[in-house]
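Everything on this sheet refers to the single structure shown next.
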Amino acid sequence: MPAAPSDFIRDIVAAHVAENIYSRIHTRFPPEPNGYLHIGHAKSICLNFGIAREFGGVCNLRMDDTNPAKEDVEYVDSIQADVNWLIAGWADDKLGLKPKGMTPETVAEEGRRDFYLPAVTQSEIGNRKSEIFEPFYASDYFDQIYDFAEQLVEKGKAFVCDLTPEETDEYRRNGKASPFRDRGVEENLNLFQRMKAGEFTDGSRVLRAKIEVDAANIWMRDPLLYRIKKTEHHHTGAKWCIYPMYDFAHCLSDYIEGITHSICTLEFEVHRPLYDWILESLGLPRPLPHQYEFARLSLGYTVMSKRKLMQLVDEKLVTGWDDPRMPTISGIRRRGVTPEALRNFAYNIGITKYNGLTDVSVLEFAIREDLNKRSLRRLAVLRPIKVVITNYAAGQVEELEAVNNPEDETAGKRKIPFSRELYIEREDFAEVPPPKFFRLKPGGEVRLKYAYIIKCEEVVKDAAGNLVELRCTADLDSKSGGATSNRKVKGTIHWVSAAHAVEAEVRLYDRLFTEAEPDKDGRDFKSVLNPHSLEVVTAKLEPSLKDARPEVRYQFERLAYFALDYDAQPGKLVFNRTITLKDAWAKAAQKS
RNA sequence: UGCCCGAUGGUGUAACGGUAGCACAGCAGACUCUGAAUCUGUUUGUCAUGGUUCAAAUCCAUGUCGGGCAACCA
């Protein structure tokens, strides 16, 4: 990992640490459980946990679950799994721990009610099993948030409004005061309590902050704090029929958890005055959290909105949220990308307030850099053509030594069987070779990696003119590692022994869209789906791959990086192509 | 339209009044039993116009362009 990152938010945190403003830096990652996490969330996770890491702090994973209509435990579970995967071995010791069922404590300070979540430190946790922990939930604070709302009513800073949604909208747009704005405290309290008790229908009443009817910032025009929604909640069940709005719940959840730096994306910038207003209006005793905003990630050739990703899933344009073509964390993981690669990517793109479009090549570089160091090299042929070595005895088999990872000597070596009949890659033979073609051609020579130099003597075709097999002779003095192996030929290609090859289903994934900005200018992003984003082939693999394991990364030499898919069964190998190797030849060939 | 925010090579970022640097991409070359990796070299940039200053990417003003917000979503 490179040197400690620096950006404007970390600069602020560093200054606060230097000034000793907070006893401890405390961030949070607060997704709404209404979809799967994507690579944009990964940027945020790396930021929030990264800060906790660099400044000796803690970062809470909090479900921002104030809208039960859209949320589900399926998402809670996936979010937890994705976060844990991404921070494992890096910042998992910074994850804020919350024992199941723990709720905020009430404290009276100078006559004021205050609620806080007792800090659980690593040492207090001791040896307790992780099963007793759960993520933080904004919905765990509904009692306290409700109480804060009543406090606001009592202070004359909130009122119950009977306007219809349409009327509310119109009044706010025109900066007009609600006719219910000056209701008395007692009446407001009574009405609010009856809202809670379920006496009114959805949409008939709301609780609003009393701030300013015609503020320049629309979010300060008496914003909604609570709405009636007679919907069961995935975490609190049927307990509530009123739910706090994001603006009200979020700042208070931050406060309750003792968050110091509440980091979110740019679109919340205009909400910041409201965030501050709520906390300040309550006259809270402890240091208040503050909100800081950064630019969300936009990546070329992908869509990032949960709505669009859900559309891809619902309309079965992909196989699911974890389809390896999806920019979701689960999709990226399934594709074979490691958390380290994703973290390095997040590091490389930085944190700013500028809304740019990050080139996918930055992501691809991070993935290749990581996989190059860790992956085991293997020989595999994706699109086989048969080669017969005519001067090599039928039935003879040699076990040739091959290096597992030239980047890592400790990865050791293995044996690969060589015999008379082989498969080579269809692309590695050209009957009419283009200029600078270093591979096999009629009458030409090429090195078989770890084996012999062969010469193509004859091209055998069927009646229809299709290529059937290549008949070649080997230079038997040229065996790799042998005393007479020094002769150079320009090209080296991969191969597998036909008799020893294992078959596997190999899924060749490519980018999901054909355009860098799929939704540019309001275009339907589905109209630019890449029809070739998935190709499935039956490949021939060297036999050692029979024992492939899901946690290991492989490079099929000269082709790409691969990882075992969870669809693999005993006796049925399934590999996902994570990313191709860089291919200067393909690029050169394309140019001419 | 109102309010808020932003603008540094093709892309993403650094420089915090004092030499415009890094990464990706690109290009050229070296090496190569992976046309990978590695190594070397290299093209390209401070939105515009004024002002302050010995000195401006940086401070100020105006403009231009881009983004966000104007949900009983988050």
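Proteins get letters first, then strands, A, B, ... in listed order; numbering begins at 1 in each.
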*List RNA chain B stems (3 or more consecutive Watson-Crick/G-U pairs, under 3.5 Å)?*
B:1-7 with B:64-70, B:10-13 with B:21-24, B:26-30 with B:38-42, B:47-51 with B:59-63

*Integer angstrom distance from the P of B/rU53 to that of B/rU58*: 16 Å

*Relative to the 5' end of RNA chain B, which residue comes earlier, A/Ile349 or A/Ala451, by the nucleotide with the nearest heavy atom?*
A/Ile349

*Please work out if A/Gly491 contacts a base, only the sugar-phosphate, or nothing of the nucleic acid, heavy-atom cut-off 4.0 Å.*
nothing

*asked:* What's A/Glu293 touching, base or sugar-phosphate or nothing? Going by heavy atoms closer than 4.0 Å.
replied: nothing

*Ring-face cation of A/Arg205 near A/Phe200 (centre distance under 6.0 Å, axis angle within 45°)*: yes

*Identify whether any heavy atom of A/Arg439 sits under 4.0 Å from a base atom; if not, whether one sits that close to sugar-phosphate; answer base, sugar-phosphate or nothing.*
base

*Tell me which nucleotide among B/rG6, B/rU34, B/rU11 gets nearest to the side chain of A/Arg377.*
B/rU34

_Minimum-distance nucleotide (side-chain atoms of A/Asn372 versus B/rA37, B/rU13, B/rG35)_ = B/rA37

*The side chain of A/Thr352 lies closest to which of these nucleotides: B/rU13, B/rA36, B/rG35?*
B/rU13

_Charged N-O contact under 4.0 Å between A/Glu32 and A/Lys306_ = no

*Examine distances only and state if a side-chain atom of A/Glu71 and a backbone atom of A/Asn67 form a donor-acceptor pair shorter than 3.5 Å.*
yes

*At under 4.0 Å between heavy atoms, what does A/Lys306 touch on the DNA or RNA strands: base, sugar-phosphate, or nothing?*
nothing

*Measure from the side-chain heavy atoms of A/Lys449 and tell me the nearest of B/rC33, B/rU8, B/rC24.*
B/rC33

*Kindly check if the number of other-residue, nucleotide or ligand heavy atoms within 6.0 Å of CD (A/Gln590) is above 12?*
no

*Just by distance, do the side chain of A/Ser480 and the backbone of A/Ala451 share a donor-acceptor pair under 3.5 Å?*
yes

*Out of A/His261, A/Gln291, A/Arg62, A/His290, which residue meets the side chain to side chain donor-acceptor pair (under 3.5 Å) rule with A/Asp254?*
A/Arg62

*Checking ring-ring contact (aromatic ring centres under 6.0 Å, His included) against A/Tyr226, which of A/Tyr243, A/Trp240, A/Phe192 comes through?*
A/Phe192

_Tell me whether the side-chain N/O atoms of A/Lys587 come closer than 4.0 Å to OP1 or OP2 in B/rG26._
yes

*Do A/Asn404 side-chain atoms and A/Ala411 backbone N/O form a donor-acceptor pair below 3.5 Å?*
yes

*Please measure how far the P atom in B/rC22 lies from the corresponding atom in B/rU43, and state the result in whole Å.*
12 Å

_Taking only the C1' atom of each, what is the distance from B/rC60 to B/rC3 in whole angstrom?_
22 Å

*A/Arg221 side chain to A/Arg172 backbone, donor-acceptor under 3.5 Å*: yes

*Residue-phosphate contact under 4.0 Å: A/Thr358 side-chain N/O, B/rU11 OP1/OP2*: no

*Would you indicate what A/Phe8 reaches in the nucleic acid, counting non-hydrogen atoms under 4.0 angstrom: base, sugar-phosphate, or nothing?*
nothing

*Would you check, one step at a time, whether the test side chain to side chain donor-acceptor pair (under 3.5 Å) holds for A/Arg28 with A/His250?*
CA-CA 11 Å; A/Arg28 106 262 93 112; A/His250 202 92; 2.6 Å; yes

*For nucleotides 66-74 of chain B, read 5' to 3', which letter fits each nucleotide if B means a protein heavy atom sits under 4.0 Å from the base, S means only the sugar-phosphate is that close, and - means neither?*
-SBSSSBSB

_Separation between the C1' atoms of B/rU8 and B/rU1, rounded to whole Å_ = 32 Å

*Between A/Tyr561 and A/Ala295, which has a closest nucleotide on RNA chain B that is more 5'?*
A/Ala295

_As a test of understanding, state which of A/Lys488, A/Lys455, A/Lys490, A/Arg487 forms a salt bridge (Lys or Arg N to Asp or Glu O under 4.0 Å) with A/Glu445._
A/Arg487

*Using atom C1' of each nucleotide, how far apart are B/rG45 and B/rU11 to the nearest Å?*
12 Å

*C1' atom, B/rC27 versus B/rG10: distance in rounded Å?*
13 Å

*So, is A/Arg272 close to the B/rC4 phosphate, meaning a side-chain N or O under 4.0 Å from OP1 or OP2?*
no

*Under 4.0 Å between any heavy atoms, over every strand shown, what does A/Tyr450 touch: base, sugar-phosphate, or nothing? Just pick one.*
base

*Could you tell me the separation between the CD atom of A/Glu364 and the P atom of B/rA36, rounded to a whole number of Å?*
16 Å

*A/Leu357 near the nucleic acid: base, sugar-phosphate alone, or nothing, with a heavy-atom cut-off under 4.0 Å?*
sugar-phosphate

*B/rG21 versus B/rA14 - spacing of their C1' atoms, nearest Å*: 7 Å

*Please measure how far the C1' atom in B/rA56 lies from the corresponding atom in B/rC65, and state the result in whole Å.*
22 Å

